[in-house]
Amino acid sequence: MTRVVITAAMFTFFCRTLALSSQPLDLNPNPNLSPQQVVEFQLDALRHNDEPTPDAGIERSFRFASPSNRLVTGPLTHFSEIVHSAAYSPLLKSQASEVRGVVVQADQARVYVTVTSANGAKLNFLFMLSRQGEGDYHDCWMTDSVMKLPSEENANQIAV
């Protein structure tokens, strides 16, 4: 397996370039990506879900599902059904997303985001990640779970 190393500066450059183009970024887990970068990549992949083929974004996002997450949500066909469900479908083809807070404690991270769905609804999600301790993904941040948070009147007061 070949690993591509992308620094934070390169990732930011690619994200800015991506914003100017319609081509989704294509990454695989690597130790140089922070929890926030992993979540931003997953959100962008889902925003551009059908580029270049149907559900390509779901496949790109699934690459960053941790091995323990894959035991519950995999294989890819099952993961795709979950993402297309009412709880998670607002992540698909969303208008925008904003990271509202990141908390990293040792090898665990919580990333709070607000997503503006395709129909303009603002929804809050919590991504739980862990740094992998062994195997092919050693030292890579990967997503263990994603939870839709209850809507609140004061969405900008997400506690981190």
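Worth saying up front: this structure is predicted, and the values here are computed from it rather than measured.
Within the 4.5 Å cutoff, the side chain of Val103 has heavy atoms near those of the Gln105 side chain. Side-chain atoms of Val146 and Leu126, non-hydrogen and from C-beta on, never get closer than 4.5 Å to each other. Val104 has its side chain within reach of Trp141: a pair of non-hydrogen atoms, C-beta onward, lies under 4.5 Å apart. Residues Val111 and Met128 are not in side-chain contact: their nearest non-hydrogen atoms beyond the backbone lie 4.5 Å or more apart. Annotation: side chain of Phe127 is in contact with side chain of Gln42 (closest heavy-atom distance under 4.5 Å). Looking only at side-chain heavy atoms (C-beta outward), Val38 and Leu129 come within less than 4.5 Å of each other.
Applying the salt bridge (charged side-chain N to carboxylate O under 4.0 Å, His left out) test to Arg47 and every residue at least two apart in sequence or in another chain returns Asp44. For the ring pair (Phe, Tyr, Trp, His ring centres under 6.0 Å) test, no residue two or more places apart in sequence or in another chain qualifies with Tyr88.
Thr116 places no side-chain N or O within 3.5 Å of a backbone atom of Gly120 that could act as its donor or acceptor partner. The backbone N or O of Ile82 lies less than 3.5 Å from a partner atom in the side chain of Ser85, making a donor-acceptor pair. Listed for the Gln37 side chain is a donor-acceptor partner under 3.5 Å among the backbone atoms of Ser34.
A salt bridge links Arg63 to Asp26: at least one charged side-chain nitrogen sits closer than 4.0 Å to a carboxylate oxygen.
Between the CZ atom of Arg131 and the CD atom of Gln108 there is a distance of 10.0 Å, given to the nearest 0.5 Å. Separation of atoms OH (Tyr137) and CG (Asn28) is listed at 7.5 Å; rounding is to 0.5 Å.
Of all non-hydrogen atoms in Thr73 and His78, the two that sit nearest each other are O-ND1, 2.9 Å. The two residues Ala45 and Arg60 come nearest to each other via the heavy atoms O-NH2, 3.7 Å. Considering all non-hydrogen atoms of both residues, Pro29 and Cys140 come closest at C-SG, 3.8 Å. In this structure, Gln95 and Asn119 approach most closely via the heavy-atom pair NE2-C, 4.1 Å. Contact detail for Leu27 and Phe64: the closest heavy-atom pair is O-CE1, 3.7 Å. Counting all heavy atoms, side chain and backbone alike, Asn69 lies closest to Ser145 at ND2-N, 4.1 Å.
Tested against Phe125, the residues Leu43, Leu149, Leu91 include a single side-chain contact (heavy atoms from CB on, under 4.5 Å) partner, Leu91. Exactly one residue among Pro35, Ser66, Ser130, Ser68 makes a side-chain contact (heavy atoms from CB on, under 4.5 Å) with Met142. That residue is Ser66.
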Requested in this report: Could you walk me through whether Glu59 and Leu76 pass the side chain to side chain contact (heavy atoms under 4.5 Å, CB included) test, one step at a time?
Outcome: CA-CA 7 Å; Glu59 186 277 328; Leu76 179 58; 3.9 Å; yes
Checklist entry - How far apart are the C-alpha atoms of Val83 and Leu92, what are their side-chain angles, what is the distance that settles it, and do they pass the side chain to side chain contact (heavy atoms under 4.5 Å, CB included) test? => result CA-CA 8 Å; Val83 176; Leu92 297 171; 3.7 Å; yes
Practice task
Evaluate the side chain to side chain donor-acceptor pair (under 3.5 Å) criterion for residues Thr114 and Lys122: first the C-alpha distance (whole Å), next the side-chain angles of each, then the deciding distance (0.1 Å), finally the verdict.
Solution key: CA-CA 6 Å; Thr114 298; Lys122 291 199 182 284; over 6 Å; no
Check your understanding: Between Asp139 and Gln132, is a side chain to side chain contact (heavy atoms under 4.5 Å, CB included) present by the stated rule, with each step listed?
Key -> CA-CA 5 Å; Asp139 281 340; Gln132 303 305 296; over 6 Å; no
Problem set entry | Verdict with reasoning, Asp144 to Arg110, per salt bridge (Lys or Arg N to Asp or Glu O under 4.0 Å) | CA-CA 10 Å; Asp144 293 320; Arg110 297 185 311 268; over 6 Å; no
Practice problem: Report the C-alpha separation of Asp55 and Asn49 in whole Å, then their side-chain angles, then the decisive distance to 0.1 Å, and conclude whether the side chain to side chain contact (heavy atoms under 4.5 Å, CB included) test is met. | Solution: CA-CA 5 Å; Asp55 287 345; Asn49 185 48; 2.8 Å; yes
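Taken together through direct or relayed side-chain contacts under 4.5 Å among Ile, Leu, Val, Met, Phe, Trp and Tyr, Phe79 and Val72 form parts of separate hydrophobic clusters.
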